[in-house]
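To start, the structure under review is shown below, and the notes come after it.
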Protein chains: 2
Amino acid sequence: MFFLKDLPTRQMLQSYGERYPGMDAEAVAGALRLLRRGSLLMRALEAYFTAHALSQTRFLVLIVIDREPGQGGAGQGESGQGGLLASEIADRLDISRPVVTDTVKALVRAGLLGSAPVPGDGRAKRITVTPAGGAVLADLLPGYFALIADFMACEDEGAG
Amino acid sequence: MFFLKDLPTRQMLQSYGERYPGMDAEAVAGALRLLRRGSLLMRALEAYFTAHALSQTRFLVLIVIDREPGQGGAGQGESGQGGLLASEIADRLDISRPVVTDTVKALVRAGLLGSAPVPGDGRAKRITVTPAGGAVLADLLPGYFALIADFMACEDEGAG
DNA sequence: GCCTATTGATTAGCATCCTAACTATAGGGA
DNA sequence: TCCCTATAGTTAGGATGCTAATCAATAGGC
């Protein structure tokens with residue numbers, strides 16, 4: 001999260017540019033807008049998920065498993081017929097393994113994910129989305145898309 | 001932070017669009033790019049600050065006080081001659097008061113900020129940047145600007 | 001058949017953010 | 001003066017992220 005509410009004015013950036021000759025004021029201004037706008041959207045999404053007993057991370061774990069090809073039928077992909085290993089989730093999500101462990105544990109407790117041993121490998125577990133988990137996703141997605149559309153419609157939001 | 005590495009393909013978004021008629025695939029694609037790119041930049045900045053014994057939040061607290069008009073000379077603004085109250089920092093930064101308390105405490109311990117009671121008000125403290133704090137800022141800013149310029153020069157970074 | 005390196009997952013310890021509740025000071029009105 | 005409210009800051013407790021270290025199972029070399 002990027003916490004600066006009021007981005008520096010053009011004038012302020014220019015004065016930095018004089019003090020630090022290598023600085024590209026245009027790039028910095030763009031980067032700060034990117035950070036601020038992204039953070040505002042993240043805050044809004046996090047609030048949405050919190051209001052529905054989830055979090056951004058838990059939602060993404062659900063989505064990432066759910067969108068895997070072969071979840072309900074055909075069945076292939078790098079790990080077999082649907083579901084993912086914890087390490088595959090970590091690969092797709094850019095979060096650390098321990099966070100995957102904890103998040104999956106919480107979602108299994110909540111009944112939204114299932115966990116089953118992998119026949120050929122005693123170390124691994126295959127994580128799948130339960131029907132309840134699928135229902136939660138189906139419930140949340142319309143509001144998620146609406147929130148995003150709302151946010152993106154407001155071009156200057158967070159630009160100061 | 002937004003953790004999804006591989007953003008959904010256009011095709012995947014379209015299939016969601018069919019299942020959820022209200023969805024604006026263009027807006028969603030744009031929002032995910034925004035989140036991903038913003039998160040990558042945040043990760044890079046956080047790593048930079050960590051390598052220099054700071055954090056994004058601490059850096060912003062320093063910057064926000066330092067850029068306040070009247071820091072070194074003229075002296076006006078809503079709270080007098082330079083520095084800010086903790087509550088003013090929280091206002092500018094969109095972080096909660098307790099985080100300001102802890103962050104300022106850490107920076108005072110590190111010698112980068114100073115804290116002085118406000119004459120007229122027994123509750124408040126005025127937080128100022130010490131010379132050491134100013135030196136740290138001056139040290140970090142060139143690398144900070146360079147990192148940002150690098151990142152912004154790579155237009156597609158994080159777009160999958 | 002063992003020894004070692006690798007891989008999947010977890011545990012432990014730490015940092016940092018939040019909300020809610022609290023203490024202390026300030027200020028305004030009866 | 002007394003009280004009620006508002007404001008500045010802190011404390012307490014919980015959630016969530018990270019890295020480093022650990023356990024367990026697999027795979028390869030000899």
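Quantities reported herein were computed from a predicted structural model and do not represent experimental measurements. Order of the sequence lines sets the chain letters (A, B, ...), proteins ahead of strands, with each chain counted from 1.
Of the possible donor and acceptor atoms, none in the side chain of K125(A) sits under 3.5 Å from a partner among the backbone N and O of A86(A). Side chain of Q56(B) to backbone of F49(B): no donor-acceptor contact under 3.5 angstrom is found.
Per the geometry, CG belonging to L85(A) stands 15 Å off C1' belonging to dT10(C), to the nearest Å. The distance between atom CD1 of I127(A) and atom C1' of dT10(C), rounded to the nearest whole Å, is 13 Å. Rounded to whole Å, atom C1' of dT16(C) lies 14 Å from atom CG of L60(B). E46(A) places its CD atom 12 Å from the P atom of dT19(C), with the value rounded to the nearest Å. M42(B) places its CE atom 15 Å from the C1' atom of dT16(C), with the value rounded to the nearest Å. Remark: C1' of dT7(C) and CG of D91(A) are 12 Å apart, rounded to the nearest angstrom. Between the P atom of dG8(C) and the CZ atom of R126(A) lies a distance of 13 Å, rounded to the nearest Å. One can place CD of E88(B) at 13 Å from C1' of dG9(D), the figure rounded to the nearest angstrom.
Applying the ring-ring contact (aromatic ring centres under 6.0 Å, His included) test to residues at least two apart or on different chains, none of the pairs has a partner in residues 95-122 of chain A. Judged as a side-chain hydrogen bond (donor to acceptor under 3.5 Å, both in side chains), the pairs with a partner in residues 113-123 of chain B (not counting sequence neighbours) are, in order, D121(B)-R123(B). The salt bridge (charged side-chain N to carboxylate O under 4.0 Å, His left out) pairs that include a residue from residues 104-118 of chain A number zero, where partners must be two or more places apart or lie in different chains.
A 4.5 Å side-chain heavy-atom check between L141(A) and R19(B) finds every atom pair outside the cut-off. Under the 4.5 Å side-chain criterion, counting only non-hydrogen atoms from C-beta, L54(A) is in contact with L107(A). Within the 4.5 Å cutoff, no side-chain heavy atoms of V64(B) are placed close to those of F3(A). The closest side-chain heavy-atom distance from T130(A) to V108(A) is not below 4.5 Å.
What you find for V118(A) and R126(A) is that their closest heavy atoms are CG2-N, 3.7 Å.
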Sort me out a list of protein N/O and nucleotides 1-6 of chain C N/O pairs below 3.5 Å, or just none if empty.
none

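Annotation for R10(B): atom CZ does not count as buried by contact number, only 12 or fewer foreign heavy atoms lying within 6.0 Å.
Recorded end-axis angle for the helix from dG1(C)-dC30(D) to dA30(C)-dT1(D) stands at 10°, based on five pairs per end and rounded to 10 degrees.
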Starting at the 5' end of nucleotides 10-20 of chain D, put B wherever the base has a protein heavy atom under 4.0 Å, S where only the sugar-phosphate does, and a dash everywhere else. BB----SSSBB
